[in-house]
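My structure is below; once you've seen it, I'll send some questions.
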Amino acid sequence: MEGRPRILIIEDEPAIADTLLYALRTEGFDPEWCATGRAGLAALAAKPFALVVLDVGLPDGSGFEVCKRIRTTSAVPVIFLTARNSELDRVLGLEIGGDDYLVKPFSPRELTARVKAVLRRSATAPTSGAAAVPPPPVAPGLMVDEERCTVTFHGCPLELTRYEFRLLRVLAAKPGRVFSREQLMAAAWEDPGASLDRTVDAHIKLVRAKLRAVAPEADPIVTHRGLGYSWRAGG
Ligand code: CA
C-alpha cells in the first residue's frame, strides 16, 4: 500500500461504500471507510488523506457540517455525494468548501474519474482550491510533516512513536482547545476501546519529555485537571 494515495470515504450505506472501496482499490488507491461523520473526523485527525469522499446525508448530521469541521484544520480535497437535488443546490449555491460533487446514483467509474481529476487539479494548482481556506493553525516552533509523519520542534527533529505523533498532531492543530482523554484516544488509536485513559497520560508524558529535551522552558502541553489536555494557546 506504500505510496498509494489514501482516500477517506464517509458514507453510511455499506453497499455504496463497498462499491467505492472496490473501485478505488482497483484504480490504485488506498481507500478507508467510515460510516459516520464523527468517525470520519477522527480518522482525519489521526492521519493524512489525499482526498475525502463525503456523503451529504449521514446518520449523525449533515456532510456539510462535517466539511465545515474539516475546513477548520485542513484543505484536503472533498468530493460530495448527494442524494437529492435540494442537496445539490446547497453544494452549488453555498461556499461549503467542497471541490466537486456527484449525484446518486452514479457509476464507480464516474467516481474514480472525479477523484483523479480533483487530485490532478490540487497537485498542479495547490493554491487554487485552497485559496479560501485558512491555513491550519501552527503552534509556534512546531513543524509537522504530515507525509513523513515527522515533527520538528524549535528546529530539532523529534523521535516520536506513532501514537506520540498522533497525539501531538491532534493537540497542536488546535492550540487552546481542551481535548478529553476519550477524544485523544479516538483520534490516535485504531482500537480505542482496548486502551485505558492512563494510556493517553503515559504517552503525553513521553511526548512532554521529548519536547522538554529540545526546549526545557516551552512546556506547550497543558494539563486540565479532570478534563484532559490542550496545546498552549499562543505558546
Ligand atoms: Ca447517506
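Remember, it's 1-based here, ligands and their atoms both numbered in the order they're listed. All figures in this text were calculated on a predicted structure; none of them were measured in a lab.
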Quiz item: In terms of hydrophobic clusters joined by side-chain contacts under 4.5 Å, are Met185 and Leu206 together?
Solution: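 No, separate clusters.
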Practice problem: Check salt bridge (charged side-chain N to carboxylate O under 4.0 Å, His left out) between Glu32 and all other residues, then give those that pass, not counting sequence neighbours. | Solution: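 For Glu32 the salt bridge (charged side-chain N to carboxylate O under 4.0 Å, His left out) partners, ignoring immediate neighbours, are Lys47.
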Quiz item: Which residues pass the ring pair (Phe, Tyr, Trp, His ring centres under 6.0 Å) test with Phe165, sequence neighbours left out?
Solution: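 Expected list: none.
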Quiz item: Do Arg208 and Thr223 meet the criterion of a side-chain donor-acceptor pair at a distance under 3.5 Å?
Solution: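 Per modelled atom types, Arg208 and Thr223 side chains form a pair under 3.5 Å.
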Self-check item: Sphere of radius 3.0 Å around the Ca ion (ligand 1) - protein N, O or S atoms inside
Solution: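 Result, waters dropped: Asp12 OD1, Asp55 OD2, Gly57 O.
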Quiz item: Is the charged tip of Arg25 near the ring of Phe29: under 6.0 Å from the six-membered ring centre and within 45° of its axis?
Solution: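 Not flagged: Arg25 not positioned over aromatic ring of Phe29.
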Self-check item: Residues which pass salt bridge (charged side-chain N to carboxylate O under 4.0 Å, His left out) with Arg166, listed by chain and number, not counting sequence neighbours
Solution: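 With neighbours one apart ignored, the set is Glu190.
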